[in-house]
Amino acid sequence: MSEKARKLFDALDLDSDGTLTRVEVITALRSKGPTLAAQGMLPFWGLGDPDAASALFDAANQDGDDVLSFEEFAKEIDRRFGW
């Protein structure tokens, strides 16, 4: 799993609890997305809208527990962003 995925996960983990919720992903991408993209941590096309962020969350949430571990997140992000 990529170092970029780890940095992005940590940036999106607003409460620093080691997991991501749907609300965290949507909120963080809305508030931090442009800055993260400018820093090269996220492709600009990956910003999307709340529906796109929610779809990304759903694709990564393979076990259906409504939280993303780093492993779930990294697998989807590495695949989607080609890292």
Side-chain angles (χ1 to χ4, degrees):
M1 292 179 212
S2 73
E3 181 65 26
K4 284 185 177 183
R6 171 48 75 187
K7 288 180 182 178
L8 182 57
F9 182 90
D10 291 345
L12 300 181
D13 187 9
L14 298 176
D15 62 5
S16 300
D17 69 351
T19 63
L20 298 177
T21 65
R22 182 183 312 273
V23 171
E24 276 182 309
V25 171
I26 292 169
T27 301
L29 285 177
R30 181 178 292 150
S31 64
K32 296 181 173 186
T35 300
L36 294 171
Q39 294 172 344
M41 293 176 59
L42 177 71
F44 278 102
W45 61 264
L47 296 177
D49 58 25
D51 291 335
S54 188
L56 183 145
F57 182 92
D58 288 338
N61 188 31
Q62 293 297 307
D63 62 8
D65 66 353
D66 291 328
V67 294
L68 299 182
S69 66
F70 171 69
E71 290 76 18
E72 287 175 310
F73 178 80
K75 183 178 176 182
E76 181 64 20
I77 291 301
D78 286 348
R79 181 193 69 77
R80 192 173 286 221
F81 295 159
W83 290 341

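No hydrogens, no waters, no symmetry mates; every other heavy atom, side chains included, goes into these values. Just so it is clear, the model here is predicted, and its values are computed rather than measured.
Going from atom CG of Leu42 over to atom CZ of Phe81 covers 5.0 Å, rounded to the nearest 0.5 Å. Taking CG of Asp13 as the reference point, atom CZ of Phe73 lies at 10.0 Å (rounded to 0.5 Å). Once rounded to the nearest 0.5 Å, the distance linking CD of Glu76 with CG of Leu56 reads 6.0 Å. The line from CD of Gln62 to NZ of Lys75 is 6.0 Å long, rounded to the nearest 0.5 Å. Distance check: Leu12 CG to Ile77 CD1 gives 8.0 Å after rounding to the nearest 0.5 Å. Expressed to the nearest 0.5 Å, how far CD of Glu24 lies from CZ of Phe57 amounts to 9.0 Å.
Side chain of Asp78 to main chain of Ala5: no donor-acceptor pair is present (N/O by atom type, distance under 3.5 Å, no hydrogens or angles).
Arg30 pairs by the side chain to side chain contact (heavy atoms under 4.5 Å, CB included) definition with Ile26, Pro50, not counting sequence neighbours. Considering only residues two or more places apart in sequence or on other chains, Asp63 meets the side chain to side chain contact (heavy atoms under 4.5 Å, CB included) condition with Asn61, Asp65, Glu72. In terms of the side chain to side chain contact (heavy atoms under 4.5 Å, CB included) criterion, residue partners of Thr27 (sequence neighbours excluded) are, by chain and number, Leu14, Val23.
Ion pairing between Arg22 and Asp58 holds under the 4.0 Å rule for side-chain N and carboxylate O.
Leu20 and Val67 fall into different hydrophobic clusters, defined by Ile, Leu, Val, Met, Phe, Trp and Tyr side-chain heavy atoms under 4.5 Å apart, directly or through other members.
Taking every heavy atom of both residues into account, Leu36 and Ala11 meet most closely at CD2-CB, 3.7 Å.
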